J.: 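Have a look at this one before I ask anything.
Predicted, not measured: the structure shown is a model, and the values here were computed from it.
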Amino acid sequence: MQSEPSSLDASPGIDDGAYLLDGVIRTVEGETSKLLRDQMKIYANNRFMFAFFDEQTNMIDAATGYAHWVDGVLTETPIANQEGPVEGLSFQIALESTEAGFTQIVRGMPSADGGTYDLDEVWETLSTEKTAVDGLWMSQARESENAEWSNFTEMKLIGGGHYIFFQRYDYKGKSFKNFGFGSIRGDSSGTITETVMTSTLEGYSGTDHPLKVELADANHMTQIFMIDGVEVVQSYIRV
């Protein structure tokens with residue numbers, strides 16, 4: 001992972017929290033199109049993450065990294081996406097708060113064909129709730145009696161009472177990429193229930209998943225959960 005920006009403005013233009021995309025206008029070489037897609041974005045502890053399924057490319061689009069505000073202008077520096085680590089990119093983003101959330105303008109996004117495009121987005125606030133596990137987490141290990149998955153990597157951002165993850169792994173000789181996002185609620189025992197809003201994992205959307213969450217210290221987290229009756233233990237380090 002690349003190094004974090006050395007100075008972060010403590011007064012960002014919007015609150016840390018979870019936001020849902022209301023609409024987006026994409027402009028390519030002067031041609032505009034309005035898109036409706038199921039996308040969430042979270043800002044937490046000077047980190048960001050977004051994820052969605054791009055019906056135009058029939059692929060997932062997800063990224064995470066550092067969020068650096070200066071004089072109301074946000075610079076997002078991606079450090080990873082669904083393909084793996086990212087280096088050498090940064091985007092200046094004009095944000096403006098609204099009663100419902102914020103608007104976001106991004107210019108010069110790189111496209112798969114080597115060109116660029118612009119985005120004008122409208123976002124609605126879901127929640128600005130804060131918890132002890134808010135922040136960006138990177139998987140370190142995955143342990144299970146069912147070890148058919150290999151080369152597993154995952155990035156997960158928690159904030160605003162919600163979460164987003166994207167992951168890569170190999171299964172039966174094939175590589176897979178998935179994402180998911182939804183809301184979380186916890187109890188005093190350390191059990192968190194994730195309610196999945198959207199995911200590319202089969203049968204995952206619209207379901208509830210209880211997790212046992214343990215913080216070894218401020219920078220190390222373990223999540224324990226069941227898949228098809230088999231316990232899975234995933235450990236993470238804070239990024």
Side-chain angles (χ1 to χ4, degrees), residues 1-2 4-5 7-9 11-44 46-126 128 136 155 157 159-160 162 164-166 177-181 197-198 200:
M1 295 295 179
Q2 58 189 312
E4 180 178 353
S7 64
L8 293 173
D9 191 336
S11 302
I14 61 170
D15 293 329
D16 275 5
Y19 298 86
L20 196 65
L21 185 66
D22 182 58
V24 56
I25 295 175
R26 177 175 176 171
T27 304
V28 183
E29 296 182 349
E31 296 289 331
T32 63
S33 57
K34 186 172 183 179
L35 307 176
L36 296 175
R37 63 192 185 207
D38 196 5
Q39 180 178 353
M40 184 187 288
K41 190 169 194 178
I42 294 176
Y43 290 105
N46 296 319
R47 305 293 187 269
F48 78 92
M49 183 180 288
F50 68 81
F52 66 97
F53 185 80
D54 190 336
E55 294 185 355
Q56 293 182 312
T57 63
N58 202 36
M59 297 172 61
I60 72 170
D61 191 345
T64 190
Y66 305 125
H68 179 197
W69 274 270
V70 175
D71 296 330
V73 177
L74 171 66
T75 297
E76 290 183 353
T77 304
I79 59 173
N81 62 20
Q82 72 276 0
E83 303 298 335
V86 173
E87 294 185 357
L89 291 178
S90 65
F91 302 96
Q92 283 197 328
I93 301 171
L95 296 183
E96 183 174 339
S97 296
T98 65
E99 289 187 5
F102 67 92
T103 59
Q104 172 175 301
I105 300 172
V106 189
R107 298 290 180 251
M109 290 287 290
S111 58
D113 61 6
T116 63
Y117 61 92
D118 301 333
L119 294 175
D120 293 76
E121 301 174 345
V122 178
W123 294 83
E124 293 186 353
T125 304
L126 291 172
T128 56
L136 180 58
M155 303 293 290
L157 186 62
H162 291 73
I164 306 173
F165 73 83
F166 59 89
K177 304 179 184 71
N178 284 293
F179 79 91
F181 59 72
M197 297 167 61
T198 296
T200 50

J.: Considering only heavy atoms from C-beta outward, does the side chain of Asp118 approach that of Arg107 to under 4.5 Å?
T.: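 Contact flag for Asp118/Arg107 side chains = yes.
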J.: Can you name the nearest heavy-atom pair linking Gly159 to Ala44, along with the distance?
T.: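 Taking Gly159 first and Ala44 second, the nearest heavy atoms are CA-CB, 4.2 Å.
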J.: What heavy-atom pair brings Gly101 and Thr125 nearest, and what distance separates the two atoms?
T.: CA-OG1, 3.3 Å
J.: Could you tell me the separation between the CG atom of Asp54 and the CD1 atom of Ile60, rounded to the nearest 0.5 Å?
T.: 11.0 Å
J.: Are any non-hydrogen side-chain atoms of Ile164 and Phe179 less than 4.5 angstrom apart?
T.: no
J.: Is Phe52 close to Thr198 at the side-chain level, that is, under 4.5 Å between some pair of heavy atoms?
T.: no
J.: Taking only residues two or more places apart in sequence or in another chain, which ones pass side-chain hydrogen bond (donor to acceptor under 3.5 Å, both in side chains) with Gln82?
T.: none
J.: Answer whether the closest heavy-atom distance between the side chains of Tyr66 and Glu76 falls below 4.5 Å.
T.: no
J.: If you draw a 6.0 Å radius around CD in Glu83, do more than 12 non-hydrogen atoms from other residues or ligands fall strictly inside?
T.: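 Enclosed.
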J.: What pair of heavy atoms forms the shortest contact from Met155 to Ala80, and how long is it?
T.: CG-CB, 4.3 Å
J.: side-chain contact (heavy atoms from CB on, under 4.5 Å), that's the test. Do Tyr19 and Glu124 meet it? Break it down for me.
T.: CA-CA 5 Å; Tyr19 298 86; Glu124 293 186 353; over 6 Å; no
J.: With side-chain contact (heavy atoms from CB on, under 4.5 Å) as the criterion, how do Leu20 and Met197 come out once you've worked through the C-alpha distance, each side chain's angles and the decisive distance to 0.1 Å?
T.: CA-CA 11 Å; Leu20 196 65; Met197 297 167 61; 4.2 Å; yes
J.: For the atom pair CG (Asn58) and CZ (Phe53), what is the distance rounded to the nearest 0.5 Å?
T.: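 Going from CG on Asn58 over to CZ on Phe53, the span is 4.0 Å.
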J.: Got a second to check how far Glu121's CD is from Arg26's CZ, nearest 0.5 Å?
T.: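 The distance works out to 11.0 Å.
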J.: Stepwise, does the side-chain contact (heavy atoms from CB on, under 4.5 Å) test hold for Met49 with Phe181?
T.: CA-CA 11 Å; Met49 183 180 288; Phe181 59 72; over 6 Å; no
J.: Taking NZ, NE, NH1 and NH2 as the nitrogens, is one of them in Arg37 or Asp22 under 4.0 Å from a carboxylate oxygen of the other?
T.: no
J.: Identify the heavy atoms of Phe102 and Thr98 that sit nearest to each other, and give their distance.
T.: N-OG1, 3.3 Å
J.: Does a side-chain heavy-atom distance below 4.5 Å link Leu126 with Met40?
T.: yes
J.: Apply side-chain contact (heavy atoms from CB on, under 4.5 Å) to the pair Leu21 and Lys41, showing each step before the final yes or no.
T.: CA-CA 8 Å; Leu21 185 66; Lys41 190 169 194 178; over 6 Å; no
J.: Just checking, any donor-acceptor pair under 3.5 angstrom between side chains of Thr128 and Asp15?
T.: no
J.: With a 6.0 Å cut-off on the ring centroids, do Tyr43 and Trp123 count as close?
T.: no
J.: Rounded to the nearest 0.5 Å, how far does OG1 of Thr75 lie from CD of Gln92?
T.: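 The distance works out to 4.5 Å.
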J.: To the nearest 0.5 Å, how far apart are OG1 in Thr103 and CG in Asp120?
T.: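 Going from OG1 on Thr103 over to CG on Asp120, the span is 8.5 Å.
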J.: Locate the shortest heavy-atom distance separating Leu157 from Leu136; write the atom from each residue and the value.
T.: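 Scanning both residues completely, I find the closest heavy atoms to be CD1-N, 3.4 Å.
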J.: Between Phe91 and Pro78, which heavy-atom pair has the shortest distance, and what is it?
T.: CE1-CG, 4.0 Å
